[in-house]
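My questions all concern the structure below.
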Amino acid sequence: MTRRLAAVLLPLALLAAGCTASAGDPAPPGPRKNTRPSPFAACEALTAPPAAAPPTPTASGSAPAPPTPTASGFAPSGSGAEPAGSAPAGGAALPELTLPCFTGGDPVALRAVRGPAVINLWASWCPPCRKELPAFQRLSERSAGRLQVVGVNARDGRDAAQSIGEDFGIRFPVLFDQGDSLSRGLNRNAIPLTVFVDADGRVRHVDVSGALDDARLAELVRRHLGLEVPA
């Protein structure tokens, strides 16, 4: 008898104490979502090839010669040696990675990104990254239709990365690599890091020399991808 009475009274006691939830009770708070619109472009276009464009004539009136293939990749079309901090890659494929797009939508397989492309690995806490990001935005605008410019935000928080995009007016597509898998796939540990990928999806150069400006970016694009871009 005592046990039956306890079985009846226990649910009533719990209800009075507020331990059960009714349909009208508010749900417990979930993780905070970023409701601000992303400054970055969507990523769908990354897997579409850039529109064809004729070569840009040089000062002499002739089109620039494409980079010369060698056993280790593309030889520089200029006469000087690569500066310190520049790491030639040897024509390997990009790491076999699939990364989420910052703006949402389907994840992007890096090997599906249609070249020629310049992929910049950056983080909001990295001063050289912040210094060079506006130059990559200008490169994206000046080479529209001929070259993909892609950002990969690594080891960072979404709010911090979004704030940098808003402050600096960054509009090119950005992938999110919280686990830093791209730099590990390239056997690099430096940031910023910039990868130059040709039209066949082969890595032609990996630059780890620090913050790049407009002139240096244009030179690297000409040297390793055979494209003339205004600086």
Side-chain angles (χ1 to χ4, degrees), residues 32-51 94 97-110 112-183 186 188 190-197 205-221 224-225 227 229-231:
R32 184 174 59 87
K33 294 182 178 179
N34 189 352
T35 57
R36 289 145 52 199
S38 171
F40 310 118
C43 298
E44 287 83 357
L46 292 179
T47 54
L94 282 165
L97 297 172
T98 299
L99 298 173
C101 181
F102 201 97
T103 60
D106 293 334
V108 176
L110 281 185
V113 173
R114 299 299 299 263
V118 174
I119 302 174
N120 177 243
L121 187 71
W122 63 278
S124 64
W125 46 262
C126 161
C129 301
R130 296 197 301 270
K131 183 177 181 180
E132 71 178 3
L133 272 171
F136 282 92
Q137 176 59 33
R138 290 188 290 269
L139 175 66
S140 175
E141 295 166 358
R142 293 165 181 166
S143 62
R146 297 190 297 150
L147 179 72
Q148 306 260 33
V149 176
V150 188
V152 176
N153 180 253
R155 290 178 279 173
D156 211 347
R158 289 187 62 90
D159 284 351
Q162 171 145 337
S163 294
I164 291 294
E166 292 167 344
D167 291 347
F168 294 164
I170 306 304
R171 300 290 179 263
F172 51 80
V174 172
L175 305 178
F176 198 55
D177 185 15
Q178 197 167 20
D180 202 24
S181 53
L182 177 56
S183 61
L186 293 168
R188 301 285 191 272
I191 190 170
L193 178 152
T194 304
V195 187
F196 295 80
V197 182
H205 180 68
V206 178
D207 191 274
V208 290
S209 60
L212 300 173
D213 58 17
D214 295 84
R216 178 65 178 148
L217 261 178
E219 167 62 16
L220 290 170
V221 168
H224 298 289
L225 302 180
L227 291 174
V229 178

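Being a predicted model, the structure only gives us computed values, none of them experimental.
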* To do: Would you confirm whether Q162, through its side chain, and P39, through its main-chain N or O, come within 3.5 Å as a donor-acceptor pair?
  =>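 Such a contact is absent between Q162 side chain and P39 backbone.
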
* **From F196 atom CZ to D207 atom CG, the distance as rounded to the nearest 0.5 Å** =>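 So the gap between those two atoms works out to 6.0 Å.
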
* Asked: After noting the C-alpha distance and the side-chain angles of E132 and N120, does the key distance pass the side chain to side chain donor-acceptor pair (under 3.5 Å) rule?
  -> CA-CA 10 Å; E132 71 178 3; N120 177 243; 3.0 Å; yes

* Qualifying residues under side chain to side chain contact (heavy atoms under 4.5 Å, CB included), relative to S124, sequence neighbours excluded ->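 Checked S124 against side chain to side chain contact (heavy atoms under 4.5 Å, CB included); matches are D156, A160, I164.
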
* **Least distance between heavy atoms, I170 atom then L133 atom** =>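 Looks like CD1-O, 3.7 Å.
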
* Residues, nucleotides or ligands: over 12 heavy atoms within 6.0 Å of D167 CG ->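 Enclosed.
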
* Asked: Do you know which two heavy atoms are closest between P128 and P192, and how far apart they sit?
  ->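 So the two residues come closest at CB-CD, 3.7 Å.
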
* Residues in side-chain hydrogen bond (donor to acceptor under 3.5 Å, both in side chains) contact with R142, at least two apart in sequence or another chain ->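 side-chain hydrogen bond (donor to acceptor under 3.5 Å, both in side chains) check on R142 returns D214.
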
* Can you tell me how far OG of S183 sits from CG of D177, rounded to the nearest 0.5 angstrom? ->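 That separation rounds to 7.0 Å.
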
* **Sequence neighbours excluded - ring-ring contact (aromatic ring centres under 6.0 Å, His included) pairs with any residue from residues 162-181** =>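 Pairs touching residues 162-181 that pass the test: F102-F176.
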
* Are any side-chain N or O atoms of R188 and backbone N or O atoms of L186, one a donor and one an acceptor, separated by less than 3.5 Å? ->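 Judged by distance alone, yes, a pair lies under 3.5 Å.
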
* Between R155 and D180, what is the shortest heavy-atom contact and its length? ->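 Distance-wise, the nearest heavy atoms are NE-OD2, 3.1 Å.
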
* Any chance you could lay out the side-chain contact (heavy atoms from CB on, under 4.5 Å) test for L225 and V118, step after step, and finish with the verdict? => CA-CA 9 Å; L225 302 180; V118 174; 4.2 Å; yes

* Asked: What are the two closest heavy atoms between A135 and D213, and how far apart are they?
  ->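 Closest approach of A135 to D213: CB-C, 4.1 Å.
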
* **Approximate separation, where rounding is to 0.5 Å, of L94 CG and L182 CG** =>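 Reported value, rounded in 0.5 Å steps: 7.5 Å.
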
* Answer yes or no: is there a side-chain heavy-atom contact under 4.5 Å between I119 and V149? =>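 They are not in side-chain contact.
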
* Above 12 or not: heavy atoms from other molecules or residues under 6.0 Å from CD of E141? ->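 Enclosed.
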
* Nearest-0.5 Å distance, CG of residue L217 to OG1 of residue T194 ->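 If we round to the nearest 0.5 Å, L217:CG and T194:OG1 are 6.5 Å apart.
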
* To do: Tell me, please, which residues at least two apart from T103 pass side chain to side chain contact (heavy atoms under 4.5 Å, CB included).
  =>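 Listed in chain order: S38, F40, A42, C101.
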
* To do: Work out which heavy atom in R171 is nearest to a heavy atom in Q137; give both atom names and the distance.
  =>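 Between these two residues, the closest heavy atoms are N-OE1, 2.8 Å.
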
* **Student check: side-chain heavy atoms of L110 and T98 closer than 4.5 Å** =>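 Sidechains of T98 and L110: no contact.
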
* To do: Using a 4.5 Å cut-off on heavy atoms from C-beta on, say whether the side chain of C43 contacts that of L175.
  =>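 Sidechains of C43 and L175: in contact.
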
* **Side chains of V229 and L139 in contact at under 4.5 Å (non-hydrogen atoms)** =>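 Yes; the side chains approach each other to less than 4.5 Å.
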
* Asked: In chain order, what residues pass the side chain to side chain contact (heavy atoms under 4.5 Å, CB included) check against A117, with sequence neighbours excluded?
  ->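 With sequence neighbours excluded, A117 shows a side chain to side chain contact (heavy atoms under 4.5 Å, CB included) to V113, Q148, V197, given in chain and number order.
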
* To do: With the side chain counted from C-beta on, respond yes when L227 and L147 share a heavy-atom pair under 4.5 Å apart, and no when they do not.
  =>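 The answer is yes, as the side chains (C-beta and beyond) meet within the 4.5 Å cut-off.
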
* Which ring-ring contact (aromatic ring centres under 6.0 Å, His included) pairs, counting each pair once, include a residue from residues 113-163, with sequence neighbours left out? ->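 Every candidate ring-ring contact (aromatic ring centres under 6.0 Å, His included) pair involving residues 113-163 fails, so no pair, neighbours aside, qualifies.
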
* Asked: Looking only at heavy atoms, which two atoms of P173 and L46 are closest? And how far apart?
  ->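 Reported closest heavy-atom pair: CG-CD2, 3.8 Å.
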
* 4.5 Å side-chain heavy-atom contact, V174 and V152 ->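 Not touching, per the 4.5 Å side-chain cut-off.
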
